[in-house]
Amino acid sequence: CGSTSDRLSAGALEQLDAVAIYKQGEASLESGSADDAAFYFGEIERLYPYSEWAKRGLIMQAFALHKDGAYDDSRASAQRYLDFYPTSEDAAYAQYLLALSYYDQIDDIGRDQGLTFQALQALRAVIEQYPDSSYAAESKLKFDLAFDHLAGKEMEIGRYYLKRGHYAAAARRFRVVVEQFQTTTHTAEALHRLVETYLSLGLIQEAQTAGAILGYNYRGTDWYEDSYRLLTGRGLSMEATGDNWLASIYRQLVRGEWI
Amino acid sequence: CSPTERYHGYVPGEAVLDTISLGENREAVIQKAGQPTTLGAIGENDLYYVRSVFRHYGFFAPEEVSREVVAISFSPAGAVSNLERFDLSDGRIVPLTRRVTEDSVENGAFLRQLAGAAGNFDPSALINDE
Amino acid sequence: QDFSFDEVAVEGNRRIETGTILTYAGISRGETVSAAALNDASQRIRESGLFESVEVRPEGGRLVIAVTEFPTINRISFEGNAKVDDSELATLVSATERRVYNPAEAQADANAIARAYAERGRISATVRPALIERSDNRVDLVYQITEGGVTEIERISFAGNRDFSDRRLRGVLATRQAGLLRQLIKSDTFVADRIAFDRQMLTDFYRSRGYVDFEILDVDAELTRARDAYLLTFNIREGQRFSIGSVKVASAIPGLDASRFNEAIRIDQGDFFSPTDLENDIARMERIAIRDGVDFLRVEPKIERNPRTLSLDLTYVLSRGERIFVERIDIEGNSTTLDRVVRQQFRTVEGDPFNPRAIRESAERVRALGYFADAQVNARPGSTPDSVVIDVDVEEQPTGSLSFGANYSTDNGFGLVAGFKERNFLGRGQLFSLDLSTSESNRVVSFDFAEPAFLGRDLRFGFGVDYRSTDNDSALYDTDTFRISPSFTFPVSENGRLQTYYAAEYTDITDVDMDDASPIIIAEQAEAGVWTNSLGYAYSYDTRRSGLDPNTGVVLRFGQEFGVGDEAFVKTTALASAETRVFGEDVLLRATIEGGMLNPSDGSTRVTDRFFLGSRIMRGFEPGGIGPRDAETEDALGGNKYAVTRLEAEFPLGLPEDYGISGGAFVDYGSVWEVGDLRGRDPDLVLYDDYTPRAVVGASVFWDTPLGPLRFNFTEALQSEAEDETRNFDLTISSRF
């Protein structure tokens, strides 16, 4: 039940010249049927491979496919553009589209981190190969967000082990965030979790070291206050934090949180 | 039904620990004792070997019943300065903070799952053989 | 000598831009360039794979790069293929439309197609790529295929076999001779890798019967003149047959006494030696190591052979393997499922010693979740020589269904159904299912929710609400039942799980046909709506998946529900079933005994409480078709007790696997009986109130359809009572219980 019914047949397109097909593609884009647009732009390349329109059609096809959510196909078209026209002015945009095809698939924190990693590499390619293009700035922003997302994944696994009492395993993950993801928003929490973890293991001196770093770099944060309270003995009692068993069942069962 | 026990982490045997002498460098210790279960808070630092035994019993939450911690600390020059032991009693009961740093990416899981499910046909719905 | 050019010109390029070719060449104006550099430049251009020919010519101050581009492919098509359709061939071909035509690639594709045909037994098939010129340097690529005939095996014979006859060995081999159903059964076509498979089957057959030195000298195949069949001869040397002498466990690890591992040994003196038994012993020992926390254990079987007594002395040597640690467990590909749902299946924690068997078992548990089409778990080297990273690559599959429409059930006729069911709700591993269904004879609203890891523990919390009102025309009364039941299920042993639950149930019997219905039901209806509260438990023990012997499995279930308060009762149900696969795992035999008993404290039960045998428990009868019945009004009354025995067999019908059709036969024997309180009704008018067994024999056809595994049952009642309502055909989903 797709809208392919009003799409011109391949035969009909044979008669039109490259410009006409390109216009057809642009019209479909305006009217919101991105998949039709992608089909038309692809046909230009097949029928008139040597025309200037074929080149422009290829990058427009990548854009249309991306708009349509067909990320893998969009990625393939963008890659083909980079193979054929690495030096053209739209190459930066093609590389950017390639990166977006990974970035826009990144989902909630609990999900696939493999995708995040590929997005980071593709974004870095845009920043390094086309530093002065208009997309470099946008890529830098998205790179930081993706990097932050990756740190979130490490924290999530760290908290998983912390909640289950595997303190040594938890400490390993939080240390990764502190060492390799300093620029992200998760570092403060990572340091506080290290305080919690080392205290649970009875390694008071390491807990104090982590608390000191937290105090030095993130004094104004809630994390610092929590750590301060833990380290100075006036720890929070279980009830004080409203953590009776019914509340925890609701939180974990219905809301899906589980710290 | 009897409780079952699960072992986590690793602590080098007595024989190995006896061979570690003060002043030895960090690489030699790791070579003898194996990879540490975790490290100190920052940079090149102390090695911690942790061995825990958890008891699993029916529907009760798994409970850590014994823990052995061997801490090997190093002087700034990187030579063994101390070897201490801790156990479960040294650990403190810490109330974990429930706050979590929010992530910037929104969660489209339910809608996507609903869309994924639409059109799938669950045969048992078709033939409910009571 | 060196050159320096003040101008670089590119000729002959049509689609590829000059700038592109220059970047490949990597030569700019004014740069002094040696002859070797020129060759490198032309090599780089050629490696781009875009050009048919590349020529780099220095002309005085100018450098000329002359190229001819490969044509681009306009259309790809296949000719002459009858046995394999275009879409399947397209997957083998790497050339794609709109991309550049590359002759080497086209030839490689042709060979791939030829190999595909060879695998189907058509060795004489030939494939040739051909081009049709089109305008603008474009070509159509056509793969011309001549399929040729199928090469089959005419006769198989053996040389050198003393202990087993040719016929017995042929039975072992997969390639049976070209028999009657030649066209249908594909397995006797001559295919090279099938022969390799047969060699392995023959070797395993002998090795697992104590022929430690068995060897296949060679396999020669003569082609018949007409090139359509082969005569196969296996030359083998059996060697001596060895049995087990002594079996010992020796520990080379200081401080580890070996006696603890003796319980794992099943091989005993006098058995014939078999590698699989050895493998099972080692697996059991490794499992004991996990249980007792022994790290880095390596079990090596040492075998000493003494030819005089034809026996092997077996010693399992326990030694300390390499000291390797798990650095990280990285889970990827989980686009919907939360990381913790997968990580929960791992008993190994990051930083733990690396134990391959524990990781393999965790991989099994991840696959058993049923959320993934594929789950690959493997260890790759970590950042240090003595650490590994466990990579878990999963591939999600839809785990939900959203259905609207109609359903048909032989028990209840046509009905409307709306339902949303998701087995991995929000990726949290929770079950969420809501079903509304109405049919001529019953209306059902049921809601089910389950959280398998309640509060992060191995504790499954379930919650079910179920409203069911029936007015089936085969009975002259309607019933309404409403049941709400939270439950907790947790493991009590390796294969055993215990469920505890509370249930509140409301039952009512309504609009009874006063003059036609049985007086018993009229009396029961007088009690009107009744609320019962009950607590219950159900213990289940299932070894089908985790048991050591993959072919046999046992399922035991025993449950009791205790009514509390004024409606006190004890309802006991039990089931015992064993299944095993025989004849080379083709045939499944299953025997099941199932029973139930309802003891009301005040002696009286109602038709809504009593057991009715649906087609899931005993086949061959209409719902309520057997059991106590009112002689005059023919109302089925149900019974407080039931006991049924089911003997079943499932076997292939010899049709090729991709039809997905197999057959089965079964015998059901048993009954439901004892109404209990007859409420003053004359006992002679209550038929079959005592245990009167019925027997049914039946055949079934299993058909794996996209709709699901359907099961068609054809039944014949051997032993039934006059008033029973039998049924000869039944359609169900043959879901494994």
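Within every chain, numbering begins at 1; the chains are lettered A, B, ... in the order of the sequence lines, protein sequences first and strands thereafter.
Other residues, nucleotides and ligands place more than 12 heavy atoms under 6.0 Å from the CZ atom of A:F147.
Proximity of A:R172 to C:E327: side-chain heavy atoms (C-beta onward) are separated by under 4.5 Å at one or more points.
C:E350 and A:I157 make their closest contact through OE2-CG2, 4.3 Å (heavy atoms, listed as atom of the first residue, atom of the second, distance). Nearest approach of C:D330 to A:R173, heavy atoms of both residues: OD1-NH2, 3.5 Å.
No other option in A:A168, A:G42, A:S88 has as many heavy-atom pairs under 4.5 Å with chain C as A:G42. Ranked by non-hydrogen atom pairs under 4.5 Å with chain A, the options C:E451, C:E396, C:R428, C:Q430 are led by C:R428.
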Problem - Derivation of the salt bridge (Lys or Arg N to Asp or Glu O under 4.0 Å) call for A:R159 and C:D339 - result: CA-CA 12 Å; A:R159 285 191 296 263; C:D339 177 281; over 6 Å; no
Practice task
Would you check, one step at a time, whether the test salt bridge (Lys or Arg N to Asp or Glu O under 4.0 Å) holds for C:R343 with A:E156?
Solution key: CA-CA 12 Å; C:R343 196 171 293 273; A:E156 185 227 338; over 6 Å; no
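Heavy atoms of C:I73 lying under 4.5 Å from chain A are absent altogether. Of the atoms belonging to C:V392, not a single heavy atom falls under 4.5 Å from chain A.
Here the straight-line distance linking atom OH of A:Y161 with atom CZ of C:R340 works out to 14.0 Å at 0.5 Å rounding. A distance of 5.0 Å separates CD of C:Q344 from CZ of A:R164, quoted to the nearest 0.5 Å.
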